[in-house]
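Structure first, commentary second.
Every chain is numbered from 1 and lettered A, B, ... according to where its sequence line falls, protein lines coming before strand lines. Please read these numbers as outputs of a predicted model, since none were measured by experiment. What you see below is based on every heavy atom in this structure, not just the backbone, and it leaves out hydrogens, waters and symmetry mates.
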Amino acid sequence: MEVLIGLEIHEQINTKSKLYCDCPTNYRDVSPNTNVCEICTGCPGAKPMPPNQDALDAVIAISLMLDCEVLTNRPVYIQRKHYDYPDLPSGYQRTSLPIGINGKVNGTRIREVHMEEDPGQYDPVSGIVDYNRSGVPLVEITTEPDLRSPEEARLFLRALYRILDFSGKAREEPGTLRVDANISMAGGARVEIKNINSVKGVYRALKYEITRQKSLLTRGEAVRRETRAYLESQMITVPMRTKELEADYRYIPDPDIFPLVIDSNKVEAIKASLPEAPHMREKRLIQQYGIAPLHAKVLTSELALADLFEAVAKKIDPKIAALWLRDKLKNVLNYYGIRCAESLLIPEHMIELLKLVQSGSITPETGEKLLQRMVKEPVSPLKLVEELKLTKIVEEKLLEEAITKAIAQNPQAVKDYLSGKSEALNFLMGRVMKITQSRADSKVVIQLLKQKLKR
Amino acid sequence: MKREEIEKRGEELIKEFSEAIADVKEEVETYYVSELVNVVRIDSEPVQKKDFKDKMLKIAPSVDEEGNIRVEIGKWVG
Ligand SMILES: [Zn+2]
């Protein structure tokens, strides 16, 4: 059964003040209903301020990075899109006519790019309303229904998110991405799923919806045209009638806001100052630093990581830097469940750390342990090594002691090794590392263990 | 005043007004607004409005201790 999926993606733009008022945009950092004024809470008679220029420029830049044609030298009206929902105090959301059209990402056609204002936050489960977010600038990106499966949707969103990240215009915090998905199957009507908050959520909502529609169609029942909500906690979609269908939005140009006419010279200027697209940067890293394509791919999965790599590669052999960032740092980030942009690691500290490892002052194992701390606090590894006395053990006497201790404490492993089980040696090495707090050179330890336990 | 009198006086007023504006030159209608485009503002340091917050929460139907406004819960999640 053929499946057609189109997505509508909303991502916040990183400005200091909101789109039509000068309230702050840091809505996560303040208590509920703090960043609010007459304008962003839609008080009767409140006139919006003129649109935030930086938000508009960001939408133009993003359109260009999505390979869109930017519509120049014609009026782009700001429209009022009406709907009735507790997150929308004025009863309408301001959304621009298309600014970019006909783009492409990973072979999926981008239909339109708009500039919008974010509504407030309403939690239908608790009935809580917070207007801090109301009026934060958004870019809205709609695709053609080119996606054929949840997997394709996931890959597309990852690629799109990478571009938004590399544009430097989107908000860094996770969870700012919001997606509505349209899905239709042969013989059924188009169903819209609202308010999905993550790439994983899109994948799950689509999987659920395909199963639901398939089972209706195979039983000979109709798939109705409707809007459904995705319930994250239960991983299902349910019908939702509060938000209306497209025709009911009653768009009108906002009489309080003058139309925008984008000058083609301005577009050229923005084009000239665009940051490097992620796929271009991936290619460049391979060529310029001679690193493996696989490493380059991981390093360009996130702007902050790519920047960190290039800063470190100025002082450290790029291949070693790539290996450490791709493996060790990525492991630590995954362990904490954070992105590189959220870590407190700075390039100077990473360079310091790798110099310590390269000079043999500390073992790679110690380096990894230090990295775990450096991601969470901006501490100099050199200082940590001195404070915690983590330098590599070079005195053979100390090593001997640790090895003797490990052998004495683990007779079974010794027995196993002597009876031919080689992996027991690794276990013993692990014990030695534990006793020495990873300060021993693992290669030396293995050698010494072999000598001690001659089979 | 009687109804007929009012009607008569009304007619007179219209006639007088027409005579008064007879010499005014006819002009093409002017749309001041539609000629203005690209009125934008530069993103600047934001301003928090504490007094507005207090006023708004005072007229909200229901507010919890954290400052959230409380409204109906969604029918589709119940
Ligand atoms: Zn405001």
Side-chain angles (χ1 to χ4, degrees), chain A residues 15-26 30-38 41 43 49-58 75-76 85-86 89 120-132 137 228-229 231 233-234 238-242 255 257-263, chain B residues 6 9-11 13-78:
Chain A
T15 56
K16 286 182 277 195
S17 63
K18 291 184 178 178
L19 190 48
Y20 297 110
C21 66
D22 61 355
C23 288
T25 52
N26 63 334
V30 294
S31 54
N33 295 304
T34 299
N35 291 348
V36 287
C37 71
E38 294 84 346
T41 55
C43 289
M49 290 182 181
N52 188 328
Q53 161 112 54
D54 295 50
L56 173 64
D57 290 354
V76 172
Y85 201 66
Q121 284 170 296
Y122 164 59
D123 175 18
V125 178
S126 61
I128 279 177
V129 177
D130 173 10
Y131 290 129
N132 278 341
R228 300 175 70 87
L231 302 185
S233 53
Q234 299 168 49
V238 292
M240 178 185 183
R241 277 174 217 94
T242 42
I257 299 168
F258 299 103
L260 304 165
V261 177
I262 300 166
D263 186 70
Chain B
I6 295 171
R9 184 76 193 113
E11 299 275 337
L13 273 174
I14 291 170
K15 202 173 153 225
E16 277 169 35
F17 185 63
S18 319
E19 279 166 13
I21 62 166
D23 292 337
V24 176
K25 245 186 11 212
E26 203 170 306
E27 280 195 80
V28 186
E29 218 174 326
T30 317
Y31 295 93
Y32 295 98
V33 168
S34 68
E35 294 182 6
L36 268 177
V37 295
N38 290 337
V39 179
V40 292
R41 68 176 216 285
I42 303 291
D43 188 31
S44 57
E45 281 313 313
V47 184
Q48 223 170 46
K49 297 108 184 158
K50 170 89 175 79
D51 50 334
F52 178 79
K53 173 183 180 168
D54 297 342
K55 273 191 245 170
M56 182 182 84
L57 294 183
K58 214 177 277 175
I59 57 163
S62 165
V63 180
D64 68 17
E65 59 285 351
E66 283 156 54
N68 289 300
I69 297 173
R70 294 284 190 152
V71 301
E72 263 181 77
I73 62 161
K75 293 186 182 73
W76 61 94
V77 288

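- Residues satisfying the ring pair (Phe, Tyr, Trp, His ring centres under 6.0 Å) criterion with Phe52(B), sequence neighbours excluded, are absent altogether.
- Contact annotation for residues 54-65 of chain B against chain A (heavy-atom separation below 4.5 Å, listed by residue number): Met56(B), Leu57(B), Asp64(B).
- If you tally non-hydrogen atom pairs under 4.5 Å between each of Val71(B), Ile42(B), Asp51(B) and chain A, the highest count goes to Val71(B).
- With a 4.5 angstrom heavy-atom cutoff, Gln234(A) does not touch chain B via any of its atoms.
- Contact count versus chain B (heavy atoms, under 4.5 Å) is highest, among Asp123(A), Asn35(A), Val125(A), for Val125(A).
- Two residues are said to be in side-chain contact when any heavy atoms from C-beta on lie closer than 4.5 Å; Val37(B) and Pro75(A) fail this criterion.
- Ranked by heavy-atom pairs shorter than 4.5 Å toward chain B, the options Gly127(A), Ser126(A), Cys23(A) are led by Gly127(A).
- Here the side chain of Tyr122(A) pairs a donor or acceptor atom with the backbone of Gly74(B) at under 3.5 angstrom.
- Proximity to chain B (any heavy atom under 4.5 Å) is restricted, for Val238(A), to the side chain, taken from C-beta onward.
- Proximity of a side-chain donor or acceptor of Thr25(A) to a complementary backbone N or O of Lys16(A) within less than 3.5 Å is detected.
- Taking 4.5 Å as the limit, every side-chain heavy atom of Cys37(A) sits out of range of all side-chain heavy atoms of Met49(A).
- At a 4.5 Å heavy-atom cutoff, the contact between Thr34(A) and chain B is made by backbone and side-chain atoms alike.
- Here the closest non-hydrogen pair linking Lys53(B) and Ser31(A) is NZ-OG, 3.5 Å.
- Contact annotation for Pro86(A): only side-chain heavy atoms (C-beta onward) come within less than 4.5 Å of a heavy atom of chain B.
- Interface summary for chain B: among Leu260(A), Asn132(A), Leu56(A), Ile262(A), the most heavy-atom pairs under 4.5 angstrom belong to Leu260(A).
- Under the 3.5 Å distance criterion, the side-chain polar atoms of Asn33(A) are matched with a main-chain donor or acceptor of Gly67(B).
- Ranking Asp263(A), Asp130(A), Asn26(A), Thr41(A) against chain B, the residue ahead of the rest is Thr41(A), based on heavy-atom pairs under 4.5 Å.
- Of the atoms belonging to Ile257(A), not a single heavy atom falls under 4.5 Å from chain B.
- In this structure a side-chain-to-backbone donor-acceptor pair under 3.5 Å is missing from Thr15(A) to Ala55(A).
- Taking Gln121(A), Lys18(A), Glu38(A) one by one and counting their heavy-atom pairs under 4.5 Å with chain B, the maximum is reached by Glu38(A).
- At a 4.5 Å heavy-atom cutoff, the contact between Cys43(A) and chain B is made by side-chain atoms alone.
- The main-chain N or O of Pro32(A) is never found under 3.5 Å from a side-chain atom of Asn68(B) such that the two would form a donor-acceptor pair.
- When all heavy atoms of Ser17(A) and Pro137(A) are compared, the pair lying nearest together is O-CD, 4.2 Å.
- For a residue to count as touching a neighbouring chain, one of its non-hydrogen atoms must lie under 4.5 Å from one of that chain's; by this rule Ile128(A) touches chain B with backbone and side chain alike.
- Using a 4.5 Å cut-off on side-chain heavy atoms (C-beta onward), Gln48(B) and Val30(A) make contact.
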message = What verdict does the side chain to side chain contact (heavy atoms under 4.5 Å, CB included) test give for Asn38(B) and Gln53(A), after you've listed the backbone C-alpha separation in whole Å, the side-chain angles of each residue and the deciding distance to 0.1 Å?
response = CA-CA 9 Å; Asn38(B) 290 337; Gln53(A) 161 112 54; over 6 Å; no
